[in-house]
Structure formats: C-alpha cells, structure tokens
Peer 1: 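Below you'll find the structure I mean.
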Amino acid sequence: MKTRLQMDQLIPKGYAAMLGLEQYLGSTSLDKSLKELIKIRASQLNGCAFCIDMHAKDARKHGETEQRIYALNAWRETPFFTPEERAVLALTEAVTLVAETHVPDDVYDEVRLYFDEVQTSEIIMAIVVINAWNRLSVSARKMPAAD
C-alpha cells in the first residue's frame, strides 16, 4: 500500500487547525502516558497503522513499558492497568465506537470516580481528537515509516 494523499500539503490550513487541537491537548492536566494509551487504543480500534506506530513510540518515550503497550488491546484481561486507566480505556472504546455504544452511563460514571469534570472533558477531547486523526490518516492511507 502507499499513501493516497498528503493532506498536510494539500490543505495546510485544515491540517494546522488539527495541529492546534493537538497543541491544546499538550497543555491539559492529563498525564502524558495516559494520553498515549488513549491514542493507541483508539487507533487500534480504528485500524490506523500510522497512529499505532507513532503513539507506541511516543508512549515508550514517556516511560510506557513494552508489556503494557503489547497488552493494550486486551487490557481487560491483564493486571497491568490501574483502575483509573481502565476507566479511561473503557471510555476511549465507548467514544470511539459511539454509534454502537452511545457512551453508556456506567462507563462515564466510572471515569467520574477518578477524574473531575475538567479532567473528564480533557479525556473526552483527547479521544475525539485521536479519532479525527485516525479518520484522516486511514482515509489518506498514511503509512508508517519502516524503521
């Protein structure tokens, strides 16, 4: 496969707007590792090879272990994630699959046990932004670089 479109070159203003959202997320109170877990998990669900590759590498830079990265798609069956992380991963899945789940109250309520309204809003924004990036990258068939 090869990349279909270079959107950053074709629509630089639209791409810059997306980068603005990403920069905003960098200023939030969310832990960097948690943000990367959100990005990887949503990207796994969306089948975005480019984003999985990028965010797995970024997660490692922020101290994530290989074991947790490899087990992320089976997080429910492992002891590697904290209750807070599990709540965020469940919300990530619910928001990513919103047409199927409609984000159930119990999933939202579990996140609220650990995070205040501002943090919960930041988490939801992080999930929405990575889903937007996934949709752009999958549509354009953006390919990860071979190491």
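Predicted, not measured: the structure shown is a model, and the values here were computed from it.
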Peer 1: What's the shortest heavy-atom distance between Ile40 and Ala59, and which atoms?
Peer 2: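 Nearest pair, atom of Ile40 first, then Ala59: CD1-CB, 3.9 Å.
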Peer 1: Using residues 102-109 as the side-chain source, report each donor-acceptor pair under 3.5 Å to any protein atom, sequence neighbours left out, with the distance given to one decimal.
Peer 2:
from: His102; atom 1: NE2; to: Ala99; atom 2: O; distance (Å): 3.4

Peer 1: In terms of hydrophobic clusters joined by side-chain contacts under 4.5 Å, are Ile123 and Leu113 together?
Peer 2: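 In one cluster with Ile123: Leu113, yes.
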Peer 1: Please determine if Lys35 and Asp31 form a salt bridge, counting it only when a charged side-chain N lies under 4.0 Å from a carboxylate O.
Peer 2: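 Here Lys35 does not pair with Asp31 in a salt bridge, since their nearest N and O are not under 4.0 Å apart.
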Peer 1: Test your reading of the model: is there a side-chain donor-acceptor pair from Asn46 to the backbone of Cys48, 3.5 Å cut-off?
Peer 2: no
Peer 1: Any carboxylate oxygen within less than 4.0 angstrom of a Lys/Arg side-chain nitrogen, looking at Arg60 and Glu64?
Peer 2: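 No, Arg60 and Glu64 are not salt-bridged.
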Peer 1: Nearest 0.5 Å please: distance from the CD1 atom of Ile69 over to the CD1 atom of Ile52.
Peer 2: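 Result: 12.0 Å between the selected atoms.
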Peer 1: Could you list the donor-acceptor pairs under 3.5 angstrom formed between side-chain atoms of residues 6-24 and any protein atom two or more places apart in sequence or on another chain?
Peer 2:
from: Tyr15; atom 1: OH; to: Lys142; atom 2: NZ; distance (Å): 3.4
from: Glu22; atom 1: OE1; to: Trp133; atom 2: NE1; distance (Å): 2.9
from: Glu22; atom 1: OE2; to: Lys39; atom 2: NZ; distance (Å): 2.6

Peer 1: Do Ser29 and Glu122 come within less than 4.5 Å of each other through their side chains, counting heavy atoms only?
Peer 2: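 They are in side-chain contact.
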Peer 1: Is there a continuous path of hydrophobic side-chain contacts, each under 4.5 Å between heavy atoms, that joins Ile127 to Leu45?
Peer 2: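 In one cluster: no.
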Peer 1: Verify the cluster assignment for Phe50 and Leu25: are they in a single hydrophobic cluster under the rule of side-chain heavy atoms below 4.5 Å apart?
Peer 2: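 No, Phe50 and Leu25 fall in different hydrophobic clusters.
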Peer 1: Side chains of Tyr114 and Thr82, heavy atoms from C-beta outward: is any pair under 4.5 Å?
Peer 2: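 Contact flag for Tyr114/Thr82 side chains = no.
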Peer 1: Between OG of Ser121 and CG of Asp116, what distance do you get to the nearest 0.5 Å?
Peer 2: 8.5 Å
Peer 1: Any sub-3.5 Å donor-acceptor pair from Arg68's side-chain atoms to Trp75's backbone N or O?
Peer 2: no
Peer 1: What closest approach, in Å, do Ala71 and Thr78 show between heavy atoms, and which atom pair accounts for it?
Peer 2: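 Result for this residue pair: CB-CG2, 3.8 Å.
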Peer 1: Salt bridge or not between Arg41 and Glu36? Use side-chain N to carboxylate O under 4.0 Å.
Peer 2: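 Glu36 and Arg41: not salt-bridged.
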Peer 1: Report yes if some heavy atom in the side chain of Gln44 is under 4.5 Å from a heavy atom in the side chain of Asn134; otherwise report no.
Peer 2: no
Peer 1: Give a yes or no on whether Lys57 atom NZ has more than 12 heavy-atom contacts from other residues, nucleotides or ligands under 6.0 Å away.
Peer 2: yes
Peer 1: Within this structure, what is the CZ-CG distance for the pair Phe81 and Leu34, rounded to the nearest 0.5 Å?
Peer 2: 11.0 Å
Peer 1: Taking it one step at a time, do Arg76 and Glu93 satisfy side chain to side chain contact (heavy atoms under 4.5 Å, CB included)?
Peer 2: CA-CA 12 Å; Arg76 284 183 178 86; Glu93 291 179 358; 2.7 Å; yes
Peer 1: Between Val95 and Leu30, is there a shared hydrophobic cluster once you connect ILVMFWY residues whose side-chain heavy atoms come closer than 4.5 Å?
Peer 2: yes
Peer 1: Are the side chains of Ile130 and His55 in contact, using a 4.5 Å heavy-atom criterion?
Peer 2: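 Answer yes - side chains close enough.
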Peer 1: Rounded to the nearest 0.5 Å, what separates atom CD in Glu85 from atom OG in Ser33?
Peer 2: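 It comes to 6.5 Å.
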Peer 1: Does Val129 belong to the same Ile/Leu/Val/Met/Phe/Trp/Tyr cluster as Leu91, with side-chain heavy atoms less than 4.5 Å apart forming each link?
Peer 2: yes
Peer 1: Using modelled atom types and a 3.5 Å cut-off, is there a donor and acceptor pairing between side-chain atoms of Arg141 and backbone atoms of Leu5?
Peer 2: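 Not confirmed, Arg141 side chain does not pair with Leu5 backbone.
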Peer 1: Would you mind reporting whether Glu117 and Thr120 have side-chain heavy atoms less than 4.5 Å apart?
Peer 2: no
Peer 1: Identify the two heavy atoms, one from Tyr70 and one from Glu66, that lie closest to each other, and give their separation to 0.1 Å.
Peer 2: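 That closest heavy-atom pairing would be OH-OE1, 2.6 Å.
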Peer 1: Would you call Leu72 and Leu89 a side-chain contact if the rule is heavy atoms closer than 4.5 Å?
Peer 2: yes
